[in-house]
Structures are given as structure tokens and as C-alpha cells.
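Residue numbers start from 1 in every chain, and the chains themselves are labelled A, B, ... in the order their sequence lines are given, proteins ahead of strands.
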Number of protein chains: 2
Amino acid sequence: MNILIVEDDIDINNLLCRIVSKIGYNPQPAYSGTEAILQMERKSWDLFLLDLMLPGMSGEELLAMIRKKSDAGIIIISAKDERMTKVDMLRSGADDYITKPFDNEEVAARIEAQIRRLKKYRTPQVLTFKDIILNEETKQVTVNNIPVSLTAREYKLLRLFLTYPKKLFTKENIFAAVWESEYFDSANVVNVHMSNLRTKLAKANPDEEYIETIWGMGYRLKT
Amino acid sequence: MNILIVEDDIDINNLLCRIVSKIGYNPQPAYSGTEAILQMERKSWDLFLLDLMLPGMSGEELLAMIRKKSDAGIIIISAKDERMTKVDMLRSGADDYITKPFDNEEVAARIEAQIRRLKKYRTPQVLTFKDIILNEETKQVTVNNIPVSLTAREYKLLRLFLTYPKKLFTKENIFAAVWESEYFDSANVVNVHMSNLRTKLAKANPDEEYIETIWGMGYRLKT
DNA sequence: AGCATTTCTAAATTAATTCTTAAGAAAACC
DNA sequence: GGTTTTCTTAAGAATTAATTTAGAAATGCT
């Protein structure tokens with residue numbers, strides 16, 4: 001469990017790191033918003049402890065960026081005790097909020113509450129189905145031990161299916177998840193990308209069928 | 001989204017109900033721990049707002065019981081502002097904690113934060129009747145443990161019957177529900193699809209009858 | 001800017017479902 | 001018992017949905 005601690009005050013950051021270590025997780029300090037962004041690109045994080053007053057970038061901005069890119073837990077730690085900020089933070093995607101000065105034990109408990117929840121619904125770093133191996137960390141996909149190069153769309157499509165291997169996805173489902181947009185004018189976009197994905201998978205292993213079409217309903221992995 | 005509000009103070013309970021309604025969810029008051037237990041048996045809840053000081057049963061006990069039986073979200077609302085209690089609550093399975101006196105907007109935001117999380121990981125809906133199992137998420141149907149492949153129309157038909165297992169459906173009913181259209185020229189379309197559905201079910205289990213014809217009226221599941 | 005890659009659109013092709021028709025069977029009515 | 005109505009079922013026609021191809025538009029990269 002990797003926890004990124006975004007807090008510019010060195011002493012407080014150290015303290016938070018110690019708390020995190022003590023309960024058995026892996027802390028990494030970041031002392032500015034920009035440093036946090038760099039850390040996000042470097043590896044994937046399970047939980048963010050986020051100070052709101054940051055050099056380089058406001059905590060609010062950073063919060064929005066994290067939420068956009070990741071499903072990690074976010075705990076805000078801040079001296080701002082104003083009501084609207086608190087409410088706004090929760091609305092905008094933070095999972096919890098702690099005000100300074102904080103109590104060490106409370107911080108530990110809240111971190112564990114988040115981790116407990118995350119663990120439950122954890123998406124593993126490597127997704128597999130039949131002989132497909134999709135590595136979330138490296139974004140590499142192999143089929144039948146052959147590396148398959150997918151475009152971004154194809155990758156997201158495949159990942160969606162592998163994440164819920166039994167679920168039937170309607171084209172609307174797929175569009176909402178992969179395109180991250182509500183509107184959905186033409187089902188054909190989805191069709192085309194499904195076709196392309198299938199072609200690439202088939203090229204790597206012509207003897208196996210991975211995705212089945214359920215007429216009038218959508219697509220599902222073929223078990 | 002059904003939210004059970006467990007709080008003995010009538011005014012506070014009312015206030016919480018109003019907050020919940022306002023953000024578009026379905027509140028149900030319970031004024032004691034025992035009433036909450038009864039409500040839990042009566043139907044399934046998505047989220048609990050839980051006061052700690054309760055007649056009939058302590059909030060701590062109730063919390064443990066809820067967590068044992070359900071995956072619902074739990075938000076503690078309490079006047080006890082002692083540190084250890086707060087920490088304990090989070091450790092014992094609550095998802096969030098609000099202290100009285102609370103701010104209406106904050107309560108609303110915290111409820112929405114919980115709901116957002118719950119929605120994402122919803123457990124799949126499975127409908128059953130006799131040895132028919134219909135999985136809403138995978139759209140797979142098994143009869144007598146044999147997978148049955150249904151067309152989209154047949155699936156919707158079967159789901160309609162399983163959703164209201166005792167209801168008699170007229171052909172107009174069925175047409176309206178499955179075809180999602182008002183007009184209904186020929187009852188025979190319904191007949192034909194009912195026939196096809198029956199044939200497929202019978203193939204998987206020839207010894208059981210699932211749908212009975214009520215002459216001159218319509219169809220109903222055969223109990 | 002210019003090249004390469006990806007993504008989207010449009011249209012032709014193919015496939016599966018859905019509907020219509022019609023003939024025969026079962027139930028209700030007289 | 002015969003007649004009428006309602007339902008069942010089978011087969012083929014019509015319709016709708018999905019696949020695929022090719023090219024245009026957009027995006028990304030150097």
C-alpha cells in the first residue's frame with residue numbers, strides 16, 4: 001500500500017510519514033503540488049494525504065487532477081476549517097477530511113478506514129483472462145505470450161472488460177466508461193473499436209475467441 | 001437509494017430526513033436500535049445514518065450488527081466527541097463520522113460521498129424462480145444449471161415475469177413493458193415470443209413448467 | 001510545420017433477430 | 001357435438017443489428 005503525503009511543511013510531513021509507517025504502509029513525501037504530479041506519473045498510489053495550502057499548485061487543483069486520473073483514496077489534511085471548503089472538498093471527490101492540528105491516532109484510524117475500503121474493491125495491477133495478460137503498471141498487453149500493441153482506446157476497452165469479466169456491457173455502458181461522456185450518438189464508434197480490438201487479439205491467438213457479441217444487448221467476455 | 005436514519009430525537013431525525021430527501025434519496029426514520037433491526041429485516045438499505053445514543057440497544061452494538069450483515073455505508077452521527085470513541089468507530093467499520101451539532105450541508109456532502117462510492121461497487125442483481133437464475137449484470141440465464149441463450153426480447157420477457165412473480169400479465173401489459181411502446185396491433189407477436197421462450201426453458205428442463213396461460217387473460221408464472 | 005498515428009465517419013456487407021403469416025390444437029361457449 | 005375463440009408453433013420474409021473496410025478528420029510527435 002503506497003501512500004503519497006503531499007504537505008509542504010517538512011516537520012508535519014515527517015510526522016505523517018511516521019504515522020503511516022507505524023501502521024504498516026509505505027509513505028512517500030511530496031513537498032509541492034508539482035512534485036505530487038511527478039510522483040503520480042512515476043508510479044501508482046493507493047491513497048493521498050493532501051494538504052490544501054501548497055506551493056506550486058493549489059490543493060483544490062491537485063485534488064481535481066488526482067480524482068480525474070485515479071481511483072485512489074484521498075484524505076484532505078488542512079488548517080482551513082471553513083465550512084464551505086470542507087463541504088466542497090467532499091463534493092469534489094475527497095473521501096475524508098482532517099483538520100490541523102490533528103490527533104495522531106485519529107489520522108491513523110482514518111487512513112485505515114480508507115485502506116480497508118480500498119482493499120475491498122481493489123483493482124489488481126495485472127488483469128488476466130484466458131491467455132490475455134494486461135499490466136496496469138506498464139500498460140503492456142500480451143496474448144498467447146505475444147506482445148500486442150493497442151491504442152489508448154483499445155487498451156481502455158480491453159481493461160474495462162477484464163475488470164468485470166462476467167459483466168455484459170451495453171454500448172452505452174462502454175461509451176460511458178471508455179469515452180467518459182454521457183452522450184452517445186452513434187453506436188458505430190464502439191463497434192469499430194471492438195472490431196479492431198478483436199482483430200488484434202485474434203492475430204496473436206487465432207484459435208481463441210475472447211469477446212462474444214450478445215445480439216441486441218452488447219458484448220461480454222466469452223468464458 | 002434507501003437510507004435508514006437511526007436517531008431517537010424526533011426533531012433531529014426529521015431534519016436528517018429532510019436533508020436526505022432534498023438531495024434525492026429515500027429516507028426512512030427509525031427511533032430505536034430495535035426498530036432499526038426490524039427495518040433491516042424488512043428490506044435492504046444502502047446507507048445508515050446512525051446515532052450512538054439509542055434506546056433499546058447501544059449504537060456500538062447496532063453498528064457491529066449492521067456491518068456483519070450488510071455492505072451498506074454507515075455514517076455515525078453523534079454528540080460524543082471523545083477521541084477514542086471516534087477512532088474506535090472508524091476502526092469498527094463505520095465509513096464516516098459526523099459530530100453534533102452538525103452542519104446541514106456537510107451532512108449532505110458526506111452522504112453523497114458515501115453514495116458515490118457505493119454506486120460504483122453495487123452488488124449484482126439476481127432474479128430467481130424455481131430453478132431459473134437470471135443475472136442482471138451478466139445477462140446470463142441458467143435453467144436447471146444449464147445456460148440458456150436468450151435473445152434480447154426473450155430476456156426482457158423473462159425478466160419481466162421474474163420481477164413480479166405473482167402478477168398476471170395481459171398481452172398489452174407485456175407489450176408495453178417489453179416493447180416499450182403504446183400501440184399494440186397484434187397480440188400474436190407476444191404469443192410467438194412467449195412460445196419461443198417456453199421452448200427454450202423446456203429444453204433446459206423438460207420436467208418443469210414455468211409459465212402458465214390464463215385463457216382470455218394472459219400469462220403468469222406457474223407456482 | 002509536416003509526418004505518423006489514432007480516432008471517427010460513412011457505407012457496403014453479413015448475420016441474427018423479430019415479425020408476419022398461416023395452419024393446426026386446445027379451451028370455452030352454446 | 002359443433003362452433004367460435006384463443007393460443008401454439010413452424011417457416012419464411014422483413015427488419016434490425018453488427019462487422020468490416022476504406023478514407024477523412026483529428027491528434028500527437030519531432
Has the side chain of B:Asn135 got a donor or acceptor atom that lies under 3.5 Å from a matching backbone atom of B:Thr138?
yes

Give a yes or no answer on whether the side chain of A:Asp95 reaches the backbone of A:Ile75 with a donor-acceptor pair at less than 3.5 Å.
no

Tell me which nucleotide among [options] gets nearest to the side chain of [X].
{"X": "B:Arg153", "options": "C:dT21, C:dT18, D:dT20", "value": "C:dT18"}
{"X": "A:Asn191", "options": "D:dC7, D:dA18, C:dT9", "value": "D:dA18"}
{"X": "B:Tyr219", "options": "D:dT20, D:dC7, D:dT19", "value": "D:dC7"}
{"X": "A:Trp215", "options": "C:dT17, D:dC7, C:dA11", "value": "C:dT17"}

Salt-bridged, [X] to [Y], with N to O below 4.0 Å?
{"X": "B:Lys22", "Y": "B:Glu105", "result": "no"}
{"X": "A:Lys130", "Y": "A:Glu208", "result": "yes"}
{"X": "B:Arg198", "Y": "B:Glu209", "result": "no"}

What's [X] touching, base or sugar-phosphate or nothing? Going by heavy atoms closer than 4.0 Å.
{"X": "B:Ala152", "result": "sugar-phosphate"}
{"X": "A:Tyr155", "result": "nothing"}
{"X": "B:Thr151", "result": "sugar-phosphate"}
{"X": "B:Thr213", "result": "sugar-phosphate"}
{"X": "B:Asn188", "result": "base"}

Any side-chain N or O of [X] below 4.0 angstrom from OP1/OP2 of [N]?
{"X": "B:His193", "N": "C:dC19", "result": "yes"}
{"X": "A:Trp179", "N": "C:dT7", "result": "no"}
{"X": "B:Lys171", "N": "D:dT6", "result": "no"}

More than 12 heavy atoms from other groups under 6.0 Å of CG on B:Leu38
yes

Has B:Lys43 got more than 12 heavy atoms of other residues, nucleotides or ligands less than 6.0 Å from its NZ?
yes

From [atom1] of [X] over to [atom2] of [N], roughly how many Å is that when rounded to an integer?
{"X": "A:Glu172", "N": "D:dA18", "atom1": "CD", "atom2": "C1'", "answer": "14 Å"}
{"X": "A:Met217", "N": "D:dT16", "atom1": "CE", "atom2": "P", "answer": "18 Å"}
{"X": "B:Asn196", "N": "D:dT8", "atom1": "CG", "atom2": "C1'", "answer": "10 Å"}

Using C1' atoms of five pairs at each end, report the bend of the helix from C:dA1-D:dT30 to C:dC30-D:dG1 rounded to 10 degrees.
40°

